[in-house]
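Single-structure report; data block below.
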Amino acid sequence: MDIFNGLNTAQKTAVEHIDGPLLIMAGAGSGKTKVLTCKIANLLAHGVAPYNILAITFTNKAATEMRERAVRMIGAPAQSVWLSTFHSFCARFLRYEIEHTGIYKKNFVIYDSGDSQTVVKICLKEMNLDEKQFTPNSVQSAISNAKNMLMGPRAFERSASTFFEKKVAEVYSLYAQKLRANNALDFDDLLLVAVALLEENEEVRERYQQRFRYVLVDEYQDTNGAQYQLTKLLAAKHHNLCVVGDADQSIYGWRGADIRNIMDFEKDYPESHTIKLEQNYRSTKTILAAANAVIENNENRKPKKLWTENATGEQIISYFATDERDEARYILGEITRQNTIYNVLYGDMAILYRTNAQSRVLEESFMREGVPYTMVGGLKFYDRKEIRDMIAYLRVVFNPVDTVSLMRIINVPKRGLGDTSLGRLNAYAAQNELSLFDVISSPDLIEAVPGLSARARNALEKFSVFIFELITAQETMTVHAFIEHVLQSSGYMAELESEEKPENISRIENLKEFVGVAKDFEKTTEDEPNLENFLSQVALISDIDSADMEEERVTLMTLHSAKGLEFPVVFMAGMEEGLFPHVRTLMEPDQLEEERRTCYVGITRAQRKLYMTHARMRMIFGHTTSYLPSRFLKEIPDACIERISADSNEGFGSRTNFGRQEYTNFRPSKRQMGGDVSQTNTPPKSAAEVLGAMHRTVPQQPAAAVNMAGGPIRPDMDVKWSVGDKAKHGKWGIGTVVSVKGSGEEVELKIAFPGQGVKGLMQKYAPIAKV
DNA sequence: GAACCATAGCTTTTT
DNA sequence: GCTATGGTTC
């Protein structure tokens with residue numbers, strides 16, 4: 001396969017470039033991933049060993065995709081290119097080299113932000129600091145910021161000026177000490193320790209600089225100080241550094257990303273070349289014009305204008321809802337409409353919002369209407385109690401000095417070890433400079449702890465024997481078998497099974513899924529499928545990595561998570577002053593510009609059709625608040641956007657109503673919107689016209705016709721349902737109708753799906769067919 | 001030591 | 001409006 005096939009001139013130049021620093025300024029949708037992939041393929045084609053290439057992406061998912069694409073292009077050698085995120089790279093690097101620090105041991109564990117917050121809280125408590133003034137969150141983020149700027153506790157203390165900062169410096173120091181004692185690294189440490197090791201150890205540095213002859217970094221605009229330094233160190237020998245990014249899409253300033261890293265690349269590497277990719281292949285002219293118009297309002301930016309040869313496309317729709325429930329209803333209506341009339345697959349639509357809190361109302365609507373969806377973030381799988389408990393068990397087995405994890409499970413399930421006993425144990429351990437595990441693993445030491453009841457002593461000895469048994473068992477078992485073993489032998493499963501509460505049932509489900517995750521890991525990992533690598537992978541997995549977007553589901557996620565993705569139809573919800581841009585950014589011009597970039601990212605995710613919605617009032621913290629429409633809406637030229645409102649009752653203004661009543665009977669028209677953007681050359685001028693046209697020309701045809709072809713199941717109003725009928729649902733499989741209520745448009749069905757309970761469905765929305 | 005109830009605090013965005 | 005936490009009670 002020809003590597004240069006289908007590339008434009010600028011893209012070709014970028015791919016052809018081999019030696020020396022290169023900056024690729026790649027606008028949204030300009031084929032950046034394609035260029036990077038082709039570049040890797042081209043390096044390999046030029047005889048560069050896969051072993052000599054390091055490519056850094058923003059998510060694990062992007063890394064996997066890029067690897068697969070490169071393998072398809074050039075074959076097996078691409079398999080062994082070192083391709084990962086900054087954090088995974090560091091974790092792997094440290095797994096080999098960390099003992100050179102003389103501080104950490106090879107079996108270190110990685111703490112996520114939850115674990116790290118637990119440690120911060122312990123520190124605050126120990127230092128008797130007021131949690132009102134020093135909130136765990138603010139302290140944690142201050143420490144994190146310091147780390148991202150490569151400042152250790154001492155450096156931070158030196159730079160501290162306010163009382164708050166000086167105290168935080170103390171907390172930082174204690175926090176770092178605790179992590180070291182637990183042989184644990186937090187996310188920021190992965191970078192920090194890797195950089196420190198490379199800086200201090202010449203032998204290691206030499207070895208890795210020698211090895212990585214070519215370094216490629218994606219999303220360079222979102223690198224922070226530590227990542228910048230790491231990149232610089234690794235590329236220092238060969239200077240074959242290629243960075244790709246778009247300053248207009250820098251949206252992670254709040255977590256230490258420094259836009260100057262990309263702005264100043266040419267200063268850092270004076271011999272560098274710069275290539276601009278400005279042709280957009282993703283969006284319609286309308287969408288691109290809107291994006292350009294919005295981003296132009298930023299003062300601090302280099303001028304750039306994306307252009308496209310794609311069709312003009314339809315206008316953007318701005319819908320003014322009465323409240324967040326009306327907003328959700330409108331969006332669901334449009335999604336069903338897009339799906340039923342235009343045959344847009346659910347998987348081709350996404351809803352983007354600024355804050356996770358907005359997802360709840362939307363989610364409820366999806367459930368009520370039976371439309372399949374997948375949510376990125378929110379209630380995270382790995383944040384669930386039972387999963388964290390299991391991970392804590394695994395971590396203790398892997399690294400027993402991890403006291404945070406040990407404390408988490410020592411009395412889970414209940415072993416009669418309460419706060420009092422544990423307090424005594426911890427006090428004793430601290431006094432004698434032992435880890436908690438040191439104490440409980442020795443009967444003599446347990447005996448020596450003052451004030452322990454006989455019952456507690458007994459329980460502790462049993463527990464420590466149990467942990468030792470697990471450590472032995474682990475050595476000969478696969479990860480998934482070991483997890484199952486822990487679940488059984490700890491009594492964790494038994495405790496959940498003892499009571500048939502619905503939450504217990506879902507916990508058991510989740511734990512089963514966790515075993516599945518381990519099985520999957522054993523099958524797919526490129527490293528040894530051992531506990532060590534499993535724990536690393538689990539710690540560094542992100543929401544976007546684990547989201548299942550292949551399936552036929554609408555995706556719900558924050559604007560931040562959406563970076564790098566694209567969808568034919570996009571909804572941006574909550575376009576209100578105070579929500580987006582968020583209140584906390586209104587005072588700071590820099591932060592406001594970042595909000596605008598976030599908006600730019602959102603708009604440019606859309607390929608064909610973009611909806612933006614805002615609500616007159618919205619429930620926040622249980623109180624109704626009213627917001628003005630977002631300034632970003634006003635920045636979009638009138639020609640690009642059609643504004644409709646829930647309040648106006650004339651003509652097509654009352655679209656909500658229309659949407660709810662009439663669309664299910666239209667036959668899907670693939671040509672209208674289903675094809676490639678570039679093929680829709682004469683699109684109607686406005687959505688109103690589309691609808692008008694639909695009224696006149698689309699014949700009334702039962703949607704069921706689609707089912708015959710084996711396509712997705714669509715709502716069908718012509719079917720008469722009665723109790724006892726068997727119904728096939730797109731997601732839940734086959735069920736039995738248990739009740740039918742209402743008539744006409746309002747037919748409401750209750751259907752029992754085996755193993756999934758009774759679901760309430762509106763016939764006009766439900767993707768069901770008679771069996 | 002555990003179960004229950006009240007209340008505060010929360011919401012920016014995440015590896 | 002929800003949830004995580006802390007206090008109170010048995």
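In what follows, every heavy atom counts, from backbone to side chain, and hydrogens, waters and symmetry copies are set aside.
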ring-ring contact (aromatic ring centres under 6.0 Å, His included) between A:Phe134 and A:Phe164, intermediate numbers included: CA-CA 8 Å; A:Phe134 295 88; A:Phe164 179 80; 5.3 Å; yes
Listed nucleotide nearest any side-chain atom of A:Asn137, set B:dT14, B:dT11, B:dT15: B:dT11
A:Asp188 and A:Ser144: side chain donor to acceptor below 3.5 Å: yes
Touch class at under 4.0 angstrom, heavy-atom based, for A:Ser561 against every strand present: sugar-phosphate
Nucleotide nearest A:Ser421 when distance is taken to its side chain, options C:dC2, B:dG1, B:dT14: B:dG1
Nearest-nucleotide pick for A:Phe187, side chain only, options being B:dT14, B:dT15, C:dT5: B:dT15
Distance-only donor-acceptor check, side chains A:Glu593 and A:Gln591, under 3.5 Å: no
Geometric cation-pi criterion, A:Arg255 with A:Tyr252: 6.0 Å, 45°: yes
A:Asp218 CG to B:dT15 C1', straight-line distance once rounded to whole Å: 15 Å
Stacking check A:Tyr252 vs B:dT14 (5.5 Å / 30 deg): no
Candidates B:dA2, B:dT14, B:dT13 - which lies nearest the side chain of A:Arg255: B:dT14
Closest to side chain of A:Arg354, choosing from C:dG1, B:dT13, B:dG1: B:dT13
Distance, rounded to the nearest Å, where A:His623 contributes NE2 and B:dT11 contributes P: 16 Å
Closest-nucleotide ordering on DNA chain B, the 5'-leading residue of A:Thr135 and A:Thr355: A:Thr135
From B:dT14, B:dG1, B:dT15, nucleotide with atom closest to A:Thr420 side chain: B:dG1
Residue mapping more 5' on DNA chain B - nearest nucleotide basis, A:Ala357 or A:Thr558: A:Ala357
Among B:dT14, B:dA2, C:dT5, the one nearest A:Lys414 by side-chain distance: B:dA2
Nearest to side-chain heavy atoms of A:His582, which nucleotide of C:dG1, B:dT11, C:dT5: B:dT11
Gap between atoms CG and P, on A:Asp188 and B:dT15 respectively (whole Å): 13 Å
A:Leu460 CG to B:dG1 P, straight-line distance once rounded to whole Å: 11 Å
